[in-house]
Asker: 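Mind looking over this structure? Questions follow.
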Amino acid sequence: MFRIACKQVSAIRGYGTKSVFVGNVSKKTKPEQIKELFTKYGTVTAVSLPSRRGYAFVRMESAEAEKAISNLNGHTLNERALVIEMCKN
C-alpha cells in the first residue's frame, strides 16, 4: 500500500526533491510536528499525512532527505518510534 502512495506523492515532483516515507506515525501527530522535525535537516517542500493512517510523506531536497533519513529513523515522536525510508519512485 505504501508503494502506491509513494507513487502518488511522487507525482508532485519538484526538481531535485525526493519523497520520504515516515511510518509508525501516531494518530496524535500533526503535519506541523513532522515538518518541524525534518526542517532540522533541510528545506521541507511538502508534508502529507493521509487521513491519520499511521504514515506520512515528506518532500525535500535529495541530499537533505538522505541526511534526515539517517538521523531520524527510529526517532521517537508522540511515543512512537518512527520508521523512515526513501520512497522507491
Side-chain angles (χ1 to χ4, degrees):
M1 177 169 154
F2 114 75
R3 293 196 192 285
I4 293 169
C6 274
K7 289 180 182 178
Q8 291 170 345
V9 170
S10 294
I12 312 168
R13 293 183 195 262
Y15 179 75
T17 63
K18 294 285 185 179
S19 292
V20 178
F21 171 80
V22 184
N24 199 33
V25 176
S26 167
K27 292 183 181 185
K28 299 176 194 174
T29 303
K30 297 183 178 7
E32 297 81 23
Q33 291 175 291
I34 294 173
K35 183 174 183 174
E36 181 181 334
L37 190 62
F38 277 80
T39 299
K40 295 174 186 173
Y41 299 96
T43 303
V44 174
T45 57
V47 175
S48 174
L49 192 60
S51 303
R52 307 274 197 262
R53 293 183 179 227
Y55 62 90
F57 297 98
V58 176
R59 193 106 186 131
M60 59 192 314
E61 296 297 320
S62 300
E64 296 170 344
E66 293 287 346
K67 189 173 164 185
I69 290 167
S70 65
N71 285 288
L72 294 175
N73 191 36
H75 179 83
T76 302
L77 179 63
N78 292 328
E79 302 175 5
R80 304 288 287 279
L82 300 176
V83 176
I84 303 175
E85 57 188 55
M86 192 72 72
C87 279
K88 285 111 176 134
N89 300 336

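What you see below is based on every heavy atom in this structure, not just the backbone, and it leaves out hydrogens, waters and symmetry mates. For the single chain, residues carry numbers from 1 onward in sequence order.
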Asker: Identify the heavy atoms of G74 and A81 that sit nearest to each other, and give their distance.
Answerer: O-CB, 3.9 Å
Asker: Within the structure provided, determine whether E66 and M86 are in side-chain contact (heavy-atom separation under 4.5 Å).
Answerer: yes
Asker: Is a side-chain N or O of N24 found less than 3.5 angstrom from the main chain of L82, in a donor-acceptor match?
Answerer: no
Asker: Are V83 and F57 joined in one hydrophobic group, where the rule is that I, L, V, M, F, W and Y side chains link up if heavy atoms are under 4.5 Å apart?
Answerer: no
Asker: Just jot down the side chain to side chain donor-acceptor pair (under 3.5 Å) partners of N73, sequence neighbours excluded, or say none.
Answerer: none
Asker: Compute whether any side-chain donor of one residue and acceptor of the other, for R59 and S19, lie under 3.5 angstrom apart.
Answerer: yes
Asker: Table please: side-chain donor-acceptor pairs of residues 33-44 below 3.5 Å, with sequence neighbours left out.
Answerer:
residue, atom, partner, partner atom, Å
Q33, OE1, K30, N, 2.8
Q33, OE1, N78, ND2, 3.4
T39, OG1, K35, O, 2.6

Asker: State the OG1-CD distance between T17 and E64, to the nearest 0.5 angstrom.
Answerer: 10.5 Å
Asker: Check whether any side-chain heavy atom of M60 lies under 4.5 Å from a side-chain heavy atom of K18, and answer yes or no.
Answerer: no
Asker: One pair to check against side chain to side chain contact (heavy atoms under 4.5 Å, CB included): V25 and L49. What are the steps and the verdict?
Answerer: CA-CA 9 Å; V25 176; L49 192 60; 4.0 Å; yes
